[in-house]
Amino acid sequence: MTKPPARHKGLVLATLCATMFMAMLDNVIVNNALPRIGQQLHSGVSGLQWVVEGYSLVYAALLLTGGTLGDRYGRRRIFLTGLAVFTAGSAAAALSGTTGTLIAARMFQGLGAALLTPGSLSILRHVFTDEKERARAVGLWSGVSALGLAVGPVLGGPIVDAFGWAAVFWINVPVGAGGLLLAARVLPEFAARTKRLDLPGQALSALGFGALVYALIEGPGRGWTDTRVLTLAAVATLALPAFVFVEARSTDPMLDLRFFRDRVLTGAAVSGFMISFGMFGAAFFLPLLMQDVMGWSPSDAGLAGLPMTAMIVVAAPLSSALTSRHGPRLPLVAGLALCAAALGALSLYGAHARYPQYVWVLLVMGLGMGMTFAPVSITVMQRVDPARAGMASATLNTLREIGGVIGVALLGAVLSSRLTATLTEALHRLGAPADLDRPFPAAPDGAAALPAPVHDAVNAAFVDALHVALRCGSAALAAAALVVALLLRRSRGATPPPAARPTPQPQAAHR
């Protein structure tokens with residue numbers, strides 16, 4: 001490896017922090033832009049789901065591959081390639097004139113993020129060789145990454161109000177271009193290592209998860225008995241078990257299944273997956289409720305999330321202290337239970353609820369989310385030996401991304417199915433045509449043109465369907481809390497026996 005001069009270390013850290021903040025921000029900042037995108041690009045619920053899912057699905061499917069490519073061809077080279085792809089994808093998304101081109105651009109962004117993310121932490125570990133210095137650098141990098149997830153919804157609303165939905169993508173372009181120039185100048189290169197690409201595993205994972213998500217998103221609209229939906233569901237049913245089988249037999253797998261032999265690590269993985277499942281599913285639909293049904297502006301909807309962001313910031317150090325003192329069981333189970341309670345409570349409020357009435361729910365939700373971040377990372381740091389730390393980190397981050405993808409898709413399927421059934425019945429009673437091409441009030445102009453009873457029926461159906469989806473998410477998180485409590489019931493601490501104790505390794509803080 002070519003080490004950078006000491007004076008460049010700060011620039012290396014700044015470059016990696018800025019690019020990771022951008023990649024994490026893009027996971028969530030688009031949510032408050034969804035109603036405007038739906039209005040201007042004439043997109044329905046499934047199209048908007050793909051705007052979100054396209055990024056997350058490609059990111060999750062190729063995250064492990066990004067690490068493998070970095071090992072094989074050089075981390076600096078793959079990082080720069082990923083940053084260039086991400087920046088180009090952001091510009092393409094901002095220029096998109098149709099939902100299809102926007103989804104394609106979002107997938108291109110996801111490809112770039114998957115290439116740059118694994119190399120970012122690896123570069124930090126090798127540039128900062130002193131243990132204390134490295135710990136501070138990785139801590140700052142992880143905090144900035146988590147901050148991107150936390151402030152995305154808050155920033156998204158005002159940006160959309162002031163500059164339009166395309167601005168949430170344009171802001172990435174100057175940051176990406178500046179980061180690319182600086183990274184090319186200050187990042188060191190690493191000697192590439194011979195590592196076999198797990199092509200069968202990559203193909204099966206991408207095919208399986210892609211088919212599953214497509215079937216879940218398109219099922220409510222096309223019908224669950226539609227030939228295409230059934231075919232893709234069958235493909236997912238065959239491809240995902242085949243992926244597990246191939247990885248179990250591979251000598252150099254992209255997903256090391258030995259990770260799941262440890263109950264405590266499995267509990268941490270379940271927690272990360274389910275928090276993303278419930279919270280990202282809810283985060284997708286709440287802006288639609290606030291803006292399209294309640295009539296809030298994007299800025300107001302974004303600022304409404306400030307209490308939740310504040311509680312995440314408060315809860316993160318609290319959960320770290322609890323984990324150090326009592327082990328991961330208490331904060332993980334408490335976090336999952338709090339999020340389950342918050343989603344269930346949110347389903348009690350309708351379109352006419354006032355913000356002061358349910359702001360406590362956002363506080364509880366933020367507290368629950370914040371309680372899970374540090375314990376998951378600390379558990380992986382303490383229980384994985386150095387040779388497998390990178391694999392464990394990539395596995396955990398992949399599960400978090402897949403949790404968000406499946407959450408949006410599955411809860412979206414519940415919402416869309418309930419909405420279609422409820423609205424069809426309501427329109428039939430009113431004697432109105434059951435035109436469900438736009439089964440939620442995505443365009444104010446279109447909604448205003450509807451007769452008042454039909455408009456009210458559309459809003460009522462959407463709120464009813466959202467409540468059902470939130471309760472399903474709540475039940476899933478409650479079940480996950482029980483599973484994690486059982487998995488960790490005999491382990492007060494996250495530290496293995498002294499004879500097996502590895503050297504702690506830093507862990508990235510992702511969703």
Candidate pair L343 and M279, rule side-chain contact (heavy atoms from CB on, under 4.5 Å), full reasoning: CA-CA 9 Å; L343 289 186; M279 294 300 101; 3.7 Å; yes

Test log, rule side-chain contact (heavy atoms from CB on, under 4.5 Å), inputs L482 and L336: CA-CA 9 Å; L482 178 60; L336 287 165; over 6 Å; no

Residues which pass side-chain contact (heavy atoms from CB on, under 4.5 Å) with [X], listed by chain and number, not counting sequence neighbours:
X    : result
F108 : V85, A88, L111
S319 : P331, M371, A374, P375
I78  : L69, Y73, L115

Atom pair [atom1] ([X]) and [atom2] ([Y]), whose distance is rounded to the nearest 0.5 Å:
X    : Y    : atom1 : atom2 : value
I406 : L399 : CD1   : CG    : 11.0 Å
L410 : L415 : CG    : CG    : 11.5 Å
F86  : L116 : CZ    : CG    : 7.5 Å
M369 : M308 : CE    : CE    : 6.0 Å
L180 : L187 : CG    : CG    : 10.0 Å
Q109 : T87  : CD    : OG1   : 9.0 Å

Stepwise side chain to side chain donor-acceptor pair (under 3.5 Å) check, Q357 with R354: CA-CA 6 Å; Q357 294 177 308; R354 292 183 299 174; 4.6 Å; no

With a 3.5 Å distance limit and no angle check, can you tell me whether [X] reaches the backbone of [Y] through a side-chain donor-acceptor pair?
X    : Y    : value
R329 : A485 : yes
S90  : N172 : no
T19  : L16  : yes
R106 : V51  : yes

Pairs involving residues 329-351, ordered by first then second residue, that meet ring-ring contact (aromatic ring centres under 6.0 Å, His included) (sequence neighbours left out): Y349-Y358

Can you name the nearest heavy-atom pair linking [X] to [Y], along with the distance?
X    : Y    : result
F243 : G201 : CD1-O, 3.2 Å
A18  : V175 : O-CG1, 4.4 Å
G366 : M311 : C-CB, 3.7 Å
A268 : L332 : CA-CD1, 4.3 Å
P307 : V359 : CG-CG2, 3.9 Å
Y55  : G110 : CD1-N, 3.5 Å

Show me, pair by pair, the donor-acceptor contacts under 3.5 angstrom made by side chains of residues 159-169, not counting sequence neighbours?
{"from": "D161", "atom 1": "OD1", "to": "R36", "atom 2": "NH2", "distance (Å)": "3.2"}
{"from": "D161", "atom 1": "OD2", "to": "S297", "atom 2": "OG", "distance (Å)": "3.4"}
{"from": "D161", "atom 1": "OD2", "to": "S299", "atom 2": "N", "distance (Å)": "2.8"}
{"from": "D161", "atom 1": "OD2", "to": "S299", "atom 2": "OG", "distance (Å)": "2.5"}
{"from": "W165", "atom 1": "NE1", "to": "Q40", "atom 2": "OE1", "distance (Å)": "3.0"}

Worked verdict on R418 versus L466 for side-chain contact (heavy atoms from CB on, under 4.5 Å): CA-CA 9 Å; R418 175 78 173 194; L466 177 61; over 6 Å; no

Worked verdict on V30 versus I37 for side-chain contact (heavy atoms from CB on, under 4.5 Å): CA-CA 9 Å; V30 71; I37 293 172; 4.2 Å; yes

Sub-4.5 Å side-chain heavy-atom contact between W50 and M107: yes

Side chain to side chain donor-acceptor pair (under 3.5 Å) contacts in which one or both residues fall within residues 471-488, not counting sequence neighbours: S347-R471

L338 and its side chain to side chain contact (heavy atoms under 4.5 Å, CB included) partner, picked from V333, V364, L477: V364

